[in-house]
Amino acid sequence: MQPEPFIRLEARTLVVRQSNIDTDQIIPARFLTTTTREGLGKSAFYDWRYTEDDQPKNASPFPVAGAGDRQVLVAGANFGCGSSREHAPWALLDYGFRAVISSDIADIFKSNALKNGLLPVEVDQRTHAALLERPGIAIVIDLESCTLETEDDIRAQFTVEPFARRCLLDGVDPLGHIVAHEEAIAAYEAAAA
Amino acid sequence: MARSLFDKLWDAHVVVPESEDSPAILFIDLHLIHEVTSPQAFAVLEERGLPVRRPDLTQATLDHSTPTLPPGPDGRLPYATQDAEKQVHQLEANCAKHGIDLLGLDDPRRGIVHVVGPELGLTQPGKTIVCGDSHTSTHGAFGALAFGIGTTEVGHVLATQCILQRKPKSMRITFEGELSPGVGAKDMALAMIAQIGADGGQGYAVEFAGPAVEALSMEARMTLCNMAIEAGARVGMVAPDETTFAYLEGRERAPQGEAWDAAVARWRELPSDPDAQFDSEVTVDAAAIRSMITFGVSPDAAAPVAGSAPRPANDSEREAAEYMRFAADRPFAEAKVDRVFIGSCTNSRMADLREAAEVMRGRKVADGVIALVVPGSEAIRQQAEAEGLHTVFTEAGAEWRMPGCSMCIAMNGDQGAPGELVVSTSNRNFVGRQGKGVRTVLAGPATAAASAIAGHIADPSQYLGTEARDAA
């Protein structure tokens, strides 16, 4: 399944300041018994949104209905640490996020997010601190130029692994890319046998 | 040019080299799969009409969603939910369809994916090993390049036996000196993570080295490498040596006869060259490590169990302290324990169970404490029962269960109740990881067992060794 292309996003931010937000926060393990990838938005940040008896929490930073126009999640350092569950980006996308910004984003989460069209954006400490202070601000994230800009002129550059960037911009299919090297794979197997 | 263990493993598996535009295509020697992170990958194969390229290099097991209680009077396993049962059946169906060997529910070799790989001898030095599970770093203990992947990548490996990867940076963490008696690999891991931080290893493949690592058993090395991901490193490894070879020799899927001798000769070439360069070098003073626990909601919030809770330094730490209910400067030993979990891919092997049994033998789990001992595999369950360890646990008042991930990920129904304090030999103390509102304290097996006996967080040293018991 190819993700939606990601070229340019105009949205607002939703800020959670905590550092080390792990994948168990993003989607608790009890929701991982699914055998599909659809409909996980209802489980996104479930324990942040609902009480122990499944009632909506008033003080939750995450609206019950979904991200709405706040499609950019700005979070504290080391976002997405913990497990390799791809359910985490699936849940965030289905909830309505299209990008996550932090000062650093955990490796496996970052890789999973890129494969699904959820853009992980790692920014410098100063930009990060400024964004954490401005919840709800309007922001433009441009993957073509790898820049972000807010309505009050926070500007920053970011880098995205070039192949993943191409996949998102041009719809390159990573599995197709590997399959296209069939000859090399077969040669490797023959040499190893 | 001098190469590290990691360089050698990487170089040997490059099918197509990395370029500015594209990551390398790496060949995978062993793909481990389980029920939770594979169904959507098989669905992609269906959609695209692709077969599994190398079922012979794929090994499946059931561990995450499986009950640890035996079948009920109706002969049915007590699954937590219908979905959990469906997920198990889905893997059975996918493996049958694609000719993949599955360690099924009745298989005497079944167990936690990171326990059975080594046990069967599938995990070997020099291999690339992936699994849709972040604790795949465990297999690095054998001098393998092993790392966790997402479900999309599980699909890539099923279809092509290859994966797209940029070569990570390299880090060597050297444990200097000797461990003190009673201090184990879990304590080393927690001390290391506390030193470099939960994201200290991010972007790196880590090699653990130094005399304290060389002295570790294979089981202890697995515990250490297992926790590499809790420092943010996808890869943690130890150079293969005589300890590695002795562990593997004669195992079902290890090379046999002449092939064994040839393999060992190859494996001897793997350790890092003496002048190999690393992008980062860290030194840990092994002799200074004490029995450790975590006191926060991130694995780097770790301190000696004999000490006190530190003062929070920022908002995140304040929130964590509030959640965990540890008052600053108060001894950890004041914290009452509700539940103890001994198990998980971190600490469910024979050495771990023996360590816990040494503490529990002839003693009783404190009133009001529920203690769960969950072996990592069927083979371990049987070995432990042959040694009588299960009797030690049950006579102490602990529950002896069937193998599985159990309370580490708490998706099979084994979990704590809101507000409970759980001392756990697993790997993650995240908020709600072991059940909604559960407060998790990570520790090694001896510390967990000592805490079960004491009814509060306890330093295991007073419970280890016969002299101490006679005096007690």
Side-chain angles (χ1 to χ4, degrees), chain A residues 1 17-25 28-37 46-48 51-52 76-78 81-90 104-116 161-164 166 174-179 181-182 184-185 187-189 192, chain B residues 15-16 20-23 25 27 36-37 39-40 43-44 47-48 50 54 64-65 80-81 83-84 86-87 90 132-134 136 148-153 155-156 159-164 166 168 198-199 202-203 229 232 234 297-298 315-316 319 409-411 418 428 430-433 436-437:
Chain A
M1 203 179 67
R17 303 180 55 92
Q18 280 90 337
S19 46
N20 301 320
I21 292 178
D22 56 79
T23 52
D24 278 273
Q25 306 313 305
R30 62 185 183 279
F31 299 115
L32 304 187
T33 51
T34 178
T35 52
T36 66
R37 61 175 78 195
Y46 190 93
D47 293 341
W48 292 45
T51 63
E52 277 155 20
N78 197 26
C81 57
S83 95
S84 63
R85 63 189 70 164
E86 201 158 319
H87 311 67
W90 294 336
D104 66 314
I105 298 178
D107 288 337
I108 306 181
F109 176 86
K110 191 162 46 185
S111 160
N112 286 339
L114 285 166
K115 291 186 177 64
N116 290 278
E161 193 282 307
F163 182 76
R166 209 144 49 84
L175 178 52
H177 173 85
I178 306 176
V179 170
H181 288 87
E182 167 59 34
I185 300 171
Y188 182 94
E189 283 176 320
Chain B
V15 174
V16 178
E20 201 172 309
D21 288 343
S22 307
I25 297 179
F27 192 80
V36 178
T37 56
Q40 297 88 348
V44 169
E47 275 167 34
R48 301 173 68 135
L50 293 167
R54 296 295 299 269
H64 284 66
S65 302
T81 60
D83 280 352
K86 193 177 144 200
Q87 198 172 51
Q90 186 70 56
D133 192 291
S134 60
T136 307
I149 58 177
T151 295
T152 298
E153 291 174 320
H156 293 178
T160 68
Q161 204 57 32
C162 289
I163 194 165
L164 287 164
R166 293 266 175 204
D199 56 358
Q202 201 164 290
I229 185 65
R234 292 174 77 174
V297 296
S298 172
D315 285 348
S316 282
E319 273 177 43
I409 186 162
M411 62 178 292
R428 290 187 173 136
F430 300 156
V431 170
R433 169 91 176 176
K436 285 183 193 179

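To find a chain, count down the sequence lines: A is the first, B the second, and so on, and within it residues start at 1.
- The closest side-chain heavy-atom distance from B:I409 to A:R30 is not below 4.5 Å.
- Residue A:P162 comes nearest to B:R166 through the heavy atom pair CD-NH2, 3.8 Å, listed as atom of the first residue, atom of the second, then distance.
- Contacts of B:A159 with chain A are made by side-chain atoms alone, with heavy-atom separations under 4.5 Å and no backbone atom involved.
- Note on B:R433 versus A:D24: salt bridge recorded, some NZ/NE/NH1/NH2 to OD/OE distance being below 4.0 Å.
- None of B:V16, B:I25, B:V15 except one satisfies the side chain to side chain contact (heavy atoms under 4.5 Å, CB included) rule with A:Y188; the exception is B:V15.
- Interface residue B:Q40: backbone and side-chain heavy atoms are both found under 4.5 Å from chain A.
- Considering all non-hydrogen atoms of both residues, B:S65 and A:T33 come closest at OG-CG2, 4.1 Å.
- For B:S22, the parts sitting under 4.5 Å from any heavy atom of chain A are the backbone and the side chain alike.
- Looking at B:T160, the atoms closer than 4.5 Å to chain A (heavy atoms on both sides) sit in the backbone and in the side chain alike.
- B:I149 touches chain A through its backbone: at least one of N, CA, C or O sits under 4.5 Å from a heavy atom, while the side chain does not.
- Only the side chain of A:S111 has a heavy atom closer than 4.5 Å to any heavy atom of chain B.
- A pairwise comparison of heavy atoms in B:Q87 and A:T34 identifies NE2-O, 3.1 Å as the closest pair.
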Before you tell me yes or no, could you show the steps for B:D21 and A:F163 under side-chain contact (heavy atoms from CB on, under 4.5 Å), namely the whole-Å CA-CA distance, both residues' side-chain angles and the distance that decides it to 0.1 Å? CA-CA 6 Å; B:D21 288 343; A:F163 182 76; over 6 Å; no
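- Of all heavy-atom pairs between A:I108 and B:S134, the closest is CD1-CB, 4.1 Å.
- In this view, B:D199 satisfies the side-chain hydrogen bond (donor to acceptor under 3.5 Å, both in side chains) rule with no residue, not counting sequence neighbours.
- Contact tally against chain B (heavy-atom pairs below 4.5 Å) for A:R85, A:E161, A:R166: the top residue is A:E161.
- Screening A:L175, A:N112, A:N116 against B:T152 for a side chain to side chain contact (heavy atoms under 4.5 Å, CB included) leaves a single residue, A:N116.
- Taking both residues in full, the closest heavy atoms of A:Q25 and B:V431 are given as NE2-O, 2.8 Å, listed atom of the first, atom of the second, then distance.
- In this structure, A:D107 and B:R234 approach most closely via the heavy-atom pair CB-CD, 3.8 Å.
- With sequence neighbours left out, the side-chain hydrogen bond (donor to acceptor under 3.5 Å, both in side chains) criterion links A:R17 to A:E133.
- Considering only heavy-atom pairs separated by less than 4.5 Å from chain A, the leading option among B:K86, B:Q202, B:R428 is B:Q202.
- Residues A:N20 and B:F430 fail the side-chain proximity criterion, which asks for heavy atoms closer than 4.5 Å.
- Looking at B:E319, the atoms closer than 4.5 Å to chain A (heavy atoms on both sides) all sit in the side chain, from C-beta outward.
- Contact annotation: the side chain of A:E189 approaches that of B:R54 to within less than 4.5 Å [non-hydrogen atoms, C-beta and beyond].
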